[in-house]
Every structure is written in structure tokens, then in C-alpha cells.
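Below: one structure, written as C-alpha cells.
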Amino acid sequence: MKTKITELLGCQYPVIQGGMAWVAEHTLASAVSNAGGVGLIAGGSAPIDYLREQIRLCKEETDKPFGVNIMLMSPNADDLAQLVIEEGVKVVTTGAGNPAKYIPAWKEAGVKVIPVIPSVALAKRMERAGADAVVAEGTESGGHIGENTTMCLVPQVVDALEIPVIAAGGIADGRGVAASFMLGAEGVQIGTRFLASEECQIHQTFKDLILKAKDTDSIVTGRYTGHPCRNIKTKFSRKLANGEKDGSLTPDEFEEITLGSLRKAVQDGNIEEGSFLCGAIAGMINDIKPCETIIREIMEQAEKLLKI
Ligand code: TUI
């Protein structure tokens, strides 16, 4: 399938992987890229030396384009912005902030710049700042989210911009891809589906939670901190949601008990203290497959629906 995104990124399919903090390391990124999408290594708040190693391992595992996601609230964002240039990374996506100050240097180095944005206003700012494309991420997504839905956000961003738009949030099969194209997107970003992949190195407990999840099993916590996050419902995420609702947890206390909770979920499978970030589409995901199968099946279904 050829779109402006496959042309821009030099990939077979217009599918980029979500930059899931703690989750998206070299094994997953190289598997997605080798399957014809664009895999991403997530910067999260990881140390720079670790990320340099991740990028180098990914280069050994694939000769296809792959990227790095920079979480702009990370204290290491400046260093990672420089590292991607030094390491010749082809694609950067950003989240949780405005990357405008880094864009000139990335463009000069030939890096394709794709900010993830939750609103039309931010999308326009990113186009003016020189972005090559944007990911319009609906509130169905896992992790840190905005308020607008994929269905409403994507066509409004498409109408507002000249650069191509990648749809994200709630896409895990060919129907989601076909619907995204109908909304005017030129590509999709898929996150949660890849949590249930063979190459994804998260704790088995996390994968089991995704497989068991029903349509109603995700919950948004932390709206009152200014950083709302979608997670799987667990005793811990319900405790956070209740504490927020009844005032028994102050925003500071909330921040304190969630500090380190992503790592506890991903690496330790710690159900008592971990935040298992996932999208609202988790209820539709019932099996673990290799990334190559996931992408091939999704694209076959999408192409059939779109009759191309
Ligand atoms: O960034 C994400 N998803 C994430 S980041 C993350 S790690 C984290 N954990 C706790 C709190 C905060 C982060 C987990 N999931 N998605 C892309 C995204 N970007 N969603 C929302 C935004 C966003 C928000 C504000 C982008 C730009 C923005 O700009 C504000 C400004 O500076 O104008």
C-alpha cells in the first residue's frame, strides 16, 4: 500500500508503532520494522546510555527504517534529541509536549519529524514549526491522552493541515485502518495491539491483562494532575481513580504513588503498584502473535475493505 507516509518514511506499510514508554525497546522496534512498518524505541525517561545501546541493537537487527519516540517531559529529552542526530535515526515521534525547539536541528540532519498531538491547535503549530507529518492521537489511546476521540480529531486535523496525518487511538485491526483512511489519514499508529506480540518483552502478567480485558476494562486516571493516563482497570488504578474522585488522594500524593509505576507494571508485572497503560481497544485483542503476522493480517483486511 502506497501513501504519503510510506513515501515519506520509506516503509512497506503505512503503520508506525506507538512509542510506549518502558515497553518499546529494540526487539519490538526491529520486529515491526522488519515486518514492513516503522518500529519505535521509546525514550520514556530512560538514561541516555541505555537508549544509545537500544538504538545500536536495533540497527544490528534491521536494515529497515526505524524511529525513536521522545517523551518531552523526560529530563533527558534534550540529550535524546541530540542522540538521535548522532546515531542517524531516520524518524522521530514526540509526545507529552511541544518539540518545536528541536525541529530545525532534526530537519538539518534529515530526520523525519512526526509530533504526536491531541488537538487541532497543536497540529497547526507543529506544521508551522516544520513537522513532516503528525500523529493525531484520540483519547482511546493508552497512556497520556487528550480529550478528543479519534473519530472526531482525525478529520479535523486532516482539514486543518497540508502535511500528512497518521491516525492513532483505538486501531488494532484492518477495520480501524480502513476507517482511518476514510477519515483522511495517510497512515496509522498502533500501540496496544503490539503489547500482545511475541516480540514485545513486557511481563507475562501485563500480556494476560490485555488478553483478559473487556471493552469496559480501561480507565483514565490523573485528570486532576494535568496528565490523564489510560490504564487497564486493576485494584491499583481503581484506587487512584477513587482517590481522585473522593478527594482522599491529593494530586501530590497521586504523583508520589504513581512515580515508577510504569516500570513496575512492564518489568515486574506488579499488580499492586504498577500502572498497566493500554488503549480502549484492548478488549478486542485475544491472542499473542508475531509482529509480522499482526501487521500482515491487519493490512490484508484493510486492503480488502478498501478494495485496493
Ligand atoms: O505522550 C503520549 N503518551 C504517553 S507519554 C507517557 S509517559 C507519561 N506518564 C505520565 C504522565 C505523563 C507522561 C505515557 N503515554 N502520547 C502523545 C500525547 N502527547 N498525548 C498528549 C500529548 C500532548 C500533550 C500536550 C502533546 C503536546 C502537548 O503540548 C502541550 C504544550 O506544550 O503546548
Side-chain angles (χ1 to χ4, degrees), residues 16-25 40-46 51 67-77 80 92-103 113-129 131 133-150 153-154 157 165-171 188-192 194-195 202 206 218-232 236-237 240 244 251-252 254-266 273-280 282:
I16 71 171
Q17 172 221 313
M20 300 168 282
W22 288 101
V23 170
E25 41 61 83
L40 294 184
I41 291 165
S45 46
L51 293 167
V68 168
N69 172 267
I70 304 183
M71 205 278 280
L72 294 164
M73 281 166 52
S74 164
N76 296 330
L80 184 52
V92 166
T93 70
T94 63
N98 180 345
K101 68 174 176 180
Y102 303 119
I103 293 181
V113 182
I114 311 184
V116 180
I117 49 84
S119 70
V120 170
L122 263 162
K124 284 180 165 171
R125 266 157 68 191
M126 294 300 97
E127 182 172 66
R128 281 201 299 274
V134 294
V135 174
E137 194 182 83
T139 195
E140 297 91 324
S141 304
H144 180 40
I145 46 171
E147 292 289 346
N148 214 341
T149 62
T150 305
L153 180 65
V154 171
V157 174
V165 176
I166 297 168
I171 304 165
V188 293
Q189 176 189 276
I190 295 178
T192 303
F194 290 124
L195 289 173
I202 57 176
F206 198 164
S218 83
I219 186 169
V220 179
T221 57
R223 281 208 166 86
Y224 71 158
T225 66
H227 307 124
C229 267
R230 185 177 298 282
N231 331 222
I232 301 183
F236 181 63
S237 60
L240 295 175
E244 180 174 358
D252 281 352
F254 182 102
E255 297 280 20
E256 204 180 306
I257 54 173
T258 52
L259 194 69
S261 65
L262 303 190
R263 192 197 63 72
K264 286 178 186 165
V266 171
E273 298 175 346
S275 292
F276 296 83
L277 304 187
C278 83

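Indexing begins at 1, ligand by ligand and atom by atom, following the structure's order.
If you take CZ on F206 and CG on L277, they are separated by 6.0 Å, rounding to the nearest 0.5 Å. In this structure, N69 CG and T94 OG1 are separated by 7.5 Å, a value rounded to the nearest 0.5 Å. Taking CD1 of I232 as the start and CZ of R230 as the end, the distance is 11.5 Å to the nearest 0.5 Å. Taken to the nearest 0.5 Å, the CD atom of E273 stands 10.0 Å off from the CZ atom of R263.
Of the protein's non-hydrogen atoms, C229 SG, 4.0 Å is the one closest to atom 10 (C) of ligand 1. Atom 8 (C) of ligand 1 has M71 CE, 4.3 Å as its closest protein atom, hydrogens excluded (heavy atom only). Looking from atom 26 (C) of ligand 1 to the surrounding protein, the closest heavy atom is G97 N, 3.5 Å. The nearest protein atom to atom 28 (C) of ligand 1, hydrogens excluded, is given as L122 CD1, 3.4 Å; this is a heavy-atom distance.
The option with the heavy atom closest to atom 1 (O) of ligand 1, from among A96, A21, S74, is A96. The closest heavy-atom contact to atom 4 (C) of ligand 1, among the options H227, H144, E147, comes from H144. Across V116, N98, T225, heavy-atom proximity to atom 32 (O) of ligand 1 is greatest for N98.
Shown are V135, I171, I114; of these, the side-chain contact (heavy atoms from CB on, under 4.5 Å) with Q189 is made only by V135. Evaluated for a side-chain contact (heavy atoms from CB on, under 4.5 Å) with S261, the options L259, T258, I257 yield exactly one hit, T258.
In summary, the atoms of ligand 1 found under 4.0 Å from a heavy atom of M73, numbered by their order in the structure, are 12 (C). Of all the atoms in ligand 1, the ones that sit under 4.0 Å from a non-hydrogen atom of E137 are 16 (N), 17 (C), 18 (C), 20 (N). Taking every heavy atom of R125 and a limit of under 4.0 angstrom, the matching atoms of ligand 1 come to 33 (O).
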Enumerate donor-acceptor pairs with a distance under 3.5 Å from any side-chain N or O in residues 115-129 to protein atoms, sequence neighbours excluded.
| residue | atom | partner | partner atom | Å |
| --- | --- | --- | --- | --- |
| S119 | OG | L122 | N | 3.2 |
| E127 | OE2 | E162 | N | 2.6 |
| E127 | OE2 | I163 | N | 2.9 |

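For T258, no heavy-atom contact with ligand 1 is shorter than 4.0 Å. Heavy atoms of M20 found under 4.0 angstrom from ligand 1: none, in either backbone or side chain.
For the pair I117 and ligand 1, no heavy-atom separation below 4.0 Å is found.
The heavy-atom pair separating N76 from S45 by the smallest distance is ND2-O, 3.8 Å.
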